[in-house]
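Quick note on labels: first sequence line is chain A, next is B, and so on, each numbered from 1. Since this is a predicted model, take the numbers as computed values, not measurements.
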Amino acid sequence: MSNWLRYILLFAVVVFLQVTVGNSIHLFGVAIPFLYIYFLVRLPLSLSVNWVMTLAFLLGLTIDTFCNTPGMHALSCVVLAVLRKPVLNLYTPRGEDYIEATPSIRSFGMSLYVRYTLTLSFCFCLTLFLIESLSFLNVGRLSLRVFASTILTFLMILGMDSLTRSGREKRL
Amino acid sequence: MRNLINFLWKHSSWIVFAVYVVICCILLFGRNPYQRSVYFSSANRISVVVYDLQSEFSSYVGLRTANRDLQLRNGELELEVLNLKEQLNYYRSTIGIDTIPSDSVMHNYDFIVARVVNNSVAQINNYITIDKGRADGVKPEMGVVDQNGVVGIINVVGEHHAVALSVLNPKLRLSCKVKGSDYFGSLVWDAVNPRYAVLEEMPRHVEFAPGDTIITSGYSSVFPEGLMIGVISDYKKQRDDNFYALRVKLSPDFGCLGYVRIISNRMKEEQDQLEKEARYE
């Protein structure tokens with residue numbers, strides 16, 4: 001139960017950080033950090049994919065109402081939720097080791113966690129900017145935005161993960 | 001039957017996925033009332049609380065620049081008032097009458113001052129959230145300007161907040177002209193740089209040079225004539241050779257909007273009604 005509470009709190013925190021801080025950052029006019037996907041990246045792997053998709057949809061819709069972009073973030077979040085397990089399976093061919101784990105640097109180890117989050121951020125940014133530019137395609141700028149935002153998002157997730165980890169260690 | 005249920009259960013994630021994707025696509029592409037409803041925009045109650053909090057903080061931090069801008073603008077206006085007074089006195093003394101018919105254009109317009117609580121420049125479709133709504137007399141399709149020029153047009157209105165389409169939104173087309181000529185074109189953002197927009201369909205024989213001022217044409221009922229939009233920085237021929245596309249440096253700094261004015265036109269309904277009638281005749 002306390003786990004649920006913790007995730008609800010995390011939901012609120014990432015939404016708040018995204019709308020107050022994340023959305024007002026655009027480095028060099030191209031890179032936007034989507035740090036709120038940290039919530040989806042972090043959901044435990046034992047949670048069924050239906051639940052993950054539902055939470056992703058709700059999270060995306062919340063961000064959408066703040067950004068006046070109905071459906072855009074929600075769709076990219078749902079895509080991200082579906083891709084979570086396939087991406088992990090891609091990097092752990094033997095699999096199974098992490099089936100009960102909560103994705104974090106500590107449980108995955110640095111190299112696996114980096115590959116996992118980097119791939120997911122890339123997929124997310126690609127879907128999001130593709131949807132956004134459906135009406136207004138400019139390939140060069142699109143790829144620039146995707147790559148820059150992927151890197152920034154990835155760095156933000158790493159930062160947030162190390163923050164939550166240190167918090168828990170202190171508590172222990 | 002059992003097999004069917006088993007099958008559905010096994011593939012339930014695909015079904016859930018499909019349902020969410022369909023909902024998202026309806027939200028994205030559908031012309032449905034949700035898109036203009038307050039609940040799905042940043043003017044809803046919860047977003048507004050968060051944005052108010054944020055702008056409360058950031059407007060405090062930006063006070064120094066806001067103050068400087070206001071001082072500058074104040075100085076300009078004072079000079080203008082002095083000039084106009086001088087002119088008025090001159091005409092009074094030469095013509096010898098006390099009443100001079102005043103300029104009637106601005107008489108039909110009212111202003112509502114509002115604070116920007118949220119504003120984006122990094123997306124393709126950018127919006128501005130302001131802290132005045134229906135209760136303060138704001139209605140959809142009113143123009144929004146700040147001290148430097150045109151900023152946007154009101155789109156969705158909540159009770160105490162409203163969302164405006166920014167000029168940095170390709171859905172918004174502004175009718176405008178080069179100051180001093182009467183030929184007009186439409187200004188639209190090309191989603192590249194938040195400091196520049198493109199003025200399309202300017203006939204080739206219009207004379208202009210980089211550095212000339214672009215102002216609103218006054219042909220729509222949203223903005224009065226002569227509001228500043230930006231200055232020409234560059235131009236090139238459009239595909240069909242009969243028109244120029246001008247690159248316009250926008251005069252408002254969309255990165256740091258503080259206070260804006262919402263323009264309400266007393267004659268708007270009348271003008272819209274007339275235009276509508278003319279279209280259906």
In terms of heavy-atom contacts, does [atom1] of [X] have more than 12 from other residues, nucleotides or ligands at under 6.0 Å?
{"X": "A:F147", "atom1": "CZ", "value": "no"}
{"X": "B:K139", "atom1": "NZ", "value": "no"}
{"X": "B:R195", "atom1": "CZ", "value": "no"}
{"X": "B:Y259", "atom1": "OH", "value": "no"}

Distance, nearest 0.5 Å, that separates CG of B:N125 from CE of A:M72: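 With rounding to 0.5 Å, CG (B:N125) is 8.0 Å from CE (A:M72).
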Please round to the nearest 0.5 Å and tell me the distance separating atom SG of B:C24 and atom NE2 of A:H73.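 That separation rounds to 11.5 Å.
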What orientation do B:Y20 and A:F57 show, parallel under 30°, tilted 30 to 60°, or perpendicular over 60°?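 B:Y20 and A:F57: parallel rings.
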Tell me, do B:L27 and A:L61 make a side-chain contact under 4.5 Å, heavy atoms counted?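 A side-chain contact exists here, since the closest heavy-atom pair is under 4.5 Å.
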Residues in ring pair (Phe, Tyr, Trp, His ring centres under 6.0 Å) with B:F184, at least two apart? B:Y219
What part of A:F16 lies closer than 4.5 angstrom to a heavy atom of chain B: side chain, backbone, both or neither?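 Interface part for A:F16: side chain.
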Among the options A:T54, A:V82, A:V15, A:V78, pick out the one with the most heavy-atom pairs lying under 4.5 Å from chain B.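 Max contact count across the listed options: A:T54.
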Which one, A:V79, A:V49, A:L75, leads in non-hydrogen pairs under 4.5 Å with chain B?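 Answer, by heavy-atom pair count under 4.5 Å with chain B: A:L75.
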Heavy-atom distances under 4.5 Å only: say whether B:S120 touches chain A with side chain, backbone, both or neither.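 Neither part.
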Can you say whether B:I23 sits under 4.5 Å from chain A via the side chain, the backbone, both, or neither, judging by heavy atoms? side chain
Counting distance only, does the side-chain N/O of B:Y51 pair as donor-acceptor with the main-chain N or O of A:V19 below 3.5 Å?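 No; zero donor-acceptor contacts below 3.5 Å.
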